[in-house]
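Sequence positions, counted from 1, serve as the residue numbers for this chain.
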Amino acid sequence: MNSAPAPPDHQSIPAEQAGACASPTSRIEALDLVRLLAIVGMMATHLLVPLSMAPEAAGPESAAAQVAGVLAEGTSSTLFAVVGGCSLVLASRQRLMAGDRRGAVLAGVLRGAIVMGLGLLLETVPTTVMVVLVPFGLGMMLTAPLLLVPSRVLLPLAALLSLSGGPLRALVPGPVELGAVTLLSLDDPAGTARGLLLTGMYPVITWVPYLLLGVVLMRSLLREQAAGWSPRWSLLAAGSGAAAAFVGYGLGPIAGAFGHSAPGSWYMAAAHTGTVADMAGTTGVSVAMIGAATFLLPPHRHVRAGILRPLRAAGAAPLTIYVAHVLLTGVALIGYAIVSGGEPSTMPWYVAGAGILGIHLVLMVCFGALLSATGRRGPLEALISRLVRRAVR
């Protein structure tokens, strides 16, 4: 006869996880809204920012593209990664409450592997979007075991990676992998590994610190929630994040190439370079936005009515919306290639611009309204959760 399972050994759970285990398990809807802002920022980067580089662009749309580049380039993907670290904590807290440390790690690794595989499939679509799912999934896989590590260790580790990532990338010899990892690029294992870890546009050495920051931030928020929520946590996060962003973006002018920093440019706040200034600025913006969102919508409160309901529901389905967005951009590009005879020379409104961005945003809100009305999750989110539950019992 099998004996009854022993109660979880809470002494074996790190102190930071104890706060998470004691906290309520209701959804933190402010995080959904922040996640949605990250998705919208990436949409604007993909569909609007290219106009700032088009020679024929002019007028208000070109000015809007330049503003979107300043506000969203680099910061939106960073926010997506930081919130991803927060989500790892939320997805693992029930297993940790049950003392299932092994299951929590395996579930996180499996989630990352599925996201990574989905990214490889999505890269087969002809699109100008730099798909982030492959490095994001790999970062999740590497971060999952660190869910068992106390925050007092994770913070110095994240700081070390942030300080050393840019200089290491600048010292790596060879070409810079600005393109995304695809199934075809896997025939060059060395180049693929170099791009994923160091010299790509979204290298793991800079994405893991973002995820670790999200882990530490969410643990702190859950402890505060369990102890009795106070807006001081939000004010402290917003203030410290704004200060870090001010320091990062105030260190020096923007310089460097996407995905790689030049030697000696550690103080340059260029997007996707992983310099000290870039890491400080983008993480500061992320922390400040999470702090502001939780101040306006505390963890114990929920959206009841109005436009925020579909927006919150859309923010809870980021993977589905991101994949649909990339597919739509691919369809538009294929259609334009057919119409132009395979020699595109300009960017029509349905490939890039405020018009197509508006259509993507309207579709996103409509999808969120459908999810809110039916009480369903995003299809990809529900599928991944089902696969993980079946694989890691």
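Considering only heavy atoms from C-beta on, L163 stays 4.5 Å or farther from M279 through its side chain. Looking only at side-chain heavy atoms (C-beta outward), I28 and L221 come within less than 4.5 Å of each other.
A distance-only check finds a donor-acceptor pair linking the side chain of E381 to the backbone of L319 [under 3.5 Å]. Side-chain N or O atoms of R309 include none that pairs as donor or acceptor with a backbone N or O of A369 at under 3.5 Å. No donor-acceptor pair under 3.5 Å is formed between the side chain of S372 and the backbone N or O of G368. Remark: the backbone N or O of D32 is not paired with any side-chain donor or acceptor of R312 at under 3.5 angstrom. T329 contributes a side-chain N or O that, together with a main-chain N or O of V326, makes up a donor-acceptor pair within less than 3.5 Å. The main-chain N or O of V132 is found under 3.5 Å from a side-chain atom of Y322 such that the two form a donor-acceptor pair.
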Pair L363-L328, side chain to side chain contact (heavy atoms under 4.5 Å, CB included): steps then yes or no: CA-CA 11 Å; L363 291 175; L328 288 176; 3.9 Å; yes

Evaluation steps, side-chain hydrogen bond (donor to acceptor under 3.5 Å, both in side chains), between T320 and R377: CA-CA 10 Å; T320 300; R377 302 182 62 186; over 6 Å; no

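Between the side chains of T75 and T282, no donor-acceptor pair is found at a separation under 3.5 Å.
Across all non-hydrogen atoms, the minimal contact from A107 to V388 is CB-CG1, 3.6 Å.
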Which side-chain N or O atoms in residues 37-46 pair as donor and acceptor under 3.5 Å with protein atoms at least two apart or in another chain?
| from | atom 1 | to | atom 2 | distance (Å) |
| --- | --- | --- | --- | --- |
| T45 | OG1 | G41 | O | 2.9 |
| H46 | ND1 | M42 | O | 3.1 |
| H46 | ND1 | H325 | NE2 | 2.9 |

Without placing hydrogens or testing angles, list every side-chain donor-acceptor pair under 3.5 Å for residues 231-238, not counting sequence neighbours.
| from | atom 1 | to | atom 2 | distance (Å) |
| --- | --- | --- | --- | --- |
| W233 | NE1 | S220 | OG | 2.8 |
| S234 | OG | T294 | OG1 | 2.8 |
| S234 | OG | F295 | N | 3.3 |

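With sequence neighbours excluded, the residues that form a side chain to side chain donor-acceptor pair (under 3.5 Å) with H302 are E29. A search for salt bridge (charged side-chain N to carboxylate O under 4.0 Å, His left out) contacts involving R95 returns D100, not counting sequence neighbours.
Listed by first then second residue, pairs satisfying ring-ring contact (aromatic ring centres under 6.0 Å, His included) with a partner in residues 106-142 read F80-F136, F136-W207, not counting sequence neighbours. Screening residues 350-359 for side chain to side chain donor-acceptor pair (under 3.5 Å), with sequence neighbours left out, gives no hits.
Between R219 atom CZ and C86 atom SG the span is 11.5 Å, to the nearest 0.5 Å.
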